[in-house]
Amino acid sequence: MSAGAAFVRTGDEIVIADPRDGSIVGGVPAADAEEVRATVARAREAFPSWRATPAAARGQALRRAAHALAARASEVADLEQRENGRLRSDVEGGIGAAVDTLLQYSEYGPLHRGRSLRGGADALDLTRAEPRGVVAVVTPWNDPVAVAIGLIGAAIATGNTVVHKPSERCPHLGLLIGEILAAELPDGVLCTVSGHAQTGEALVSCPDVDMVAHVGSTAAGERIARAVALTGAHLIRENGGNDALIVDAGVDPIWAAGQAALGSFANSGQICTSVERIFVHRDIADEFLTALVAEAESRNASNALAPLVDERMRAEVDAQVTASVAQGARALVGGSIPDGPGCHYPATVLVDCTPAVPVFQKETFGPVAPIMIVDDFDEAVRLAAHDEHGLAASVLTADIGHANRAIDALPVGTVKVNAVFGGAPGGSAEPRGRSGSGFGYGPELLDEMTTVKVVHLSPAVTR
């Protein structure tokens, strides 16, 4: 195995290497289809009792799980870094977010309620929310604790049982967080299966699964959607993005460059809502580019970026950059694989991009800032809107009219004005296009995890 490979197939075992230096983390057996079916059956058996557990008691269990996770945060962080190579500050932030999410859903769950309906005066009409059953949760490696626990917490809070399949890039971590949480829950309420794509396919296509919640790549999400269409399970998915950043004339170009660097280089670009396409107004383009190159050079000089998760990911990023340069783009900084161990890739700034180059066409998932200079704001909005994904977009502008035009015109689930990241915690969004569908977080996730029953109560006729 080469020094930077972060996972390989060895028979029915997943072998993980640390992407920082290639040292071996360990191996985890991959569950086959029979094991998956047995695990789903275990969750199915636990469902009636958990469904009948009062919502307040379910909330108390989630609070215990949150405190248990917090108590072992350092152990979890160590293992996550070994499996996906993220910076310690990012890892600790994700674990903290996971703890907070469990605590939030411990409160939201008991408050999740139906509605009264306007019927006749002699009858009672209402709706009630009921758990769906067994929820298959399939999660990624790039923020593995926060993403997984958000979906798991919402499912459990509403009375469902869960079978979690973590990414094959961080299977040890998935097993560890499953162990921590499951210890605070009745047997079978939370189960974990490890494996490759075949394990995930067996899980999501199992007829005893009532709902699938997936966060991950677009290709995987679309395969899951096809499988779930045959079983009738409810599906929510947040998949890849190709998020645009529009930089309008009139903003401070140095500030705008800082925002672009944050959006493109945070977590080494391995975030579904990373900035993937930058449209900058010609009036401030020169100053913006100078400042953005300085941001990238500073990160590269200080080794501020974590490695990419594995050699396969780094090779894909490099292939997109190389092909884009062959089609006319220019790398002002970065743009090639460095020497040395691990899976590192430098912060890269590409100019002279067009909508046809690969880094504009595809989700790159690396620390790459591709730039196209535009003559006016309307051109930027038109080009930003022309994409098959629909996750998010950002706009930097001092013109409220321009902001409102962009909000209306961009076909995405989230539009961020003057901040590439951030937002209130309840701002759950629905992805569009190839980026997925359904609410994947926030209070609305409880609605996804339940199904609505309408009840009509009329008085009986007695003798």
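We use all heavy atoms of the structure for the numbers below, so side chains are in, but hydrogens, waters and symmetry mates are not. Because the structure is predicted, anything quoted here is derived from the model rather than measured.
For the residue pair R169 / N84, no side-chain donor-acceptor distance below 3.5 Å is found, with atom types taken as modelled.
Not counting sequence neighbours, the partners of E316 by the side chain to side chain donor-acceptor pair (under 3.5 Å) test are Q320.
The nearest pair of heavy atoms linking P140 to V215 is CD-O, 3.2 Å. Closest non-hydrogen pair, V204 versus A227, comes out as CG2-CB, 4.2 Å. Residue T348 comes nearest to G335 through the heavy atom pair OG1-N, 2.9 Å, listed as atom of the first residue, atom of the second, then distance. Of all heavy-atom pairs between A146 and G94, the closest is CB-O, 3.4 Å. Looking at every heavy atom in both residues, R51 comes nearest to P131 through CG-CG, 3.5 Å. Across D447 and R132, no two heavy atoms sit closer than the pair O-NH2, 4.3 Å.
For the atom pair CZ of R64 and OG of S106, the computed distance is 11.0 Å after rounding to the nearest 0.5 Å. In this structure, the separation between NE2 on H67 and CG on L62 is 11.0 Å, given to the nearest 0.5 Å. Atom CG of residue N242 and atom NE2 of residue H386 lie 11.5 Å apart, to the nearest 0.5 angstrom. Distance check: E80 CD to R86 CZ gives 5.0 Å after rounding to the nearest 0.5 Å. Taking CD1 from I278 and CD from Q259, the interatomic distance works out to 11.0 Å, rounded to the nearest 0.5 Å. Here the NE2-CG distance, from H164 to L203, works out to 10.0 Å after rounding to the nearest 0.5 Å.
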Please step through side chain to side chain donor-acceptor pair (under 3.5 Å) for the pair H389 and D243, ending with a clear verdict. CA-CA 8 Å; H389 295 84; D243 292 7; over 6 Å; no
Let me see the working for W50 and V162 under side chain to side chain contact (heavy atoms under 4.5 Å, CB included), right down to the final yes or no. CA-CA 11 Å; W50 187 244; V162 173; over 6 Å; no
Set out, in order, the CA-CA distance, both residues' side-chain angles and the distance that settles salt bridge (Lys or Arg N to Asp or Glu O under 4.0 Å) for D78 and R88, then state yes or no. CA-CA 8 Å; D78 288 344; R88 186 73 176 199; 2.5 Å; yes
Does the side chain to side chain contact (heavy atoms under 4.5 Å, CB included) test come out yes or no for V309 and N142, once each step is laid out? CA-CA 8 Å; V309 69; N142 59 325; over 6 Å; no
Applying side chain to side chain contact (heavy atoms under 4.5 Å, CB included), run through L332 and L292 and close with a yes or a no. CA-CA 10 Å; L332 298 183; L292 183 55; over 6 Å; no
Check the pair Y108, L445 against side chain to side chain contact (heavy atoms under 4.5 Å, CB included), reporting the backbone distance first and the verdict last. CA-CA 10 Å; Y108 288 158; L445 181 54; over 6 Å; no
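Between R63 and E184 there is no salt bridge, since no side-chain N of the basic residue sits under 4.0 Å from a carboxylate O of the acidic one. For R37 and D32, the salt-bridge test fails: no basic side-chain N is under 4.0 Å from an acidic carboxylate O. Of the charged side-chain nitrogens involved, none lies within less than 4.0 Å of a carboxylate oxygen, so that E363 and R434 do not count as a salt-bridged pair.
Proximity of a side-chain donor or acceptor of N239 to a complementary backbone N or O of G216 within less than 3.5 Å is detected. T158 places no side-chain N or O within donor-acceptor distance of the main-chain N or O of L446, the cut-off being under 3.5 Å. Using modelled atom types, no side-chain atom of R20 and backbone atom of P307 make a donor-acceptor pair closer than 3.5 Å. Between the side chain of E448 and the backbone N or O of F439 there is at least one donor-acceptor pair closer than 3.5 Å. With T139 contributing its side chain and A148 its backbone, the two residues share no donor-acceptor pair below 3.5 Å. A side-chain donor-acceptor contact under 3.5 Å links R314 to the backbone of H344. Counting only distance, with no hydrogens or angles, the side chain of S435 and the backbone of G390 share a donor-acceptor pair below 3.5 Å. The closest donor-acceptor contact from the side chain of D210 to the backbone of A233 lies at 3.5 Å or more, if one exists at all. Put simply, the side chain of T218 gets close to the backbone of G240: a donor and an acceptor are under 3.5 Å apart. Panel note: side chain E276, backbone A244; no donor-acceptor pair is recorded below 3.5 Å.
Residue-environment remark: CD1 (I254) stays at or below the threshold of 12 foreign heavy atoms within 6.0 Å. Atom CD of E222 sits in a crowded spot, with more than 12 heavy atoms from other residues, nucleotides or ligands closer than 6.0 Å.
The closest side-chain heavy-atom distance from V193 to E35 is not below 4.5 Å. At a threshold of 4.5 Å between non-hydrogen side-chain atoms, the residues V163 and V209 do not count as touching. Inter-residue side-chain proximity for T53 and P186 is flagged as unmet; no heavy-atom pair is nearer than 4.5 Å. Contact of the L383 side chain with the F360 side chain is not registered, since no non-hydrogen atoms from C-beta on lie closer than 4.5 Å. With contacts defined as side-chain heavy-atom distances shorter than 4.5 Å, the pair M313/Q270 qualifies. With contacts defined as side-chain heavy-atom distances shorter than 4.5 Å, the pair P367/L308 qualifies. The side-chain heavy atoms of C353 and R277, taken from C-beta on, include no pair separated by under 4.5 Å. Contact of the S268 side chain with the Y345 side chain is not registered, since no non-hydrogen atoms from C-beta on lie closer than 4.5 Å.
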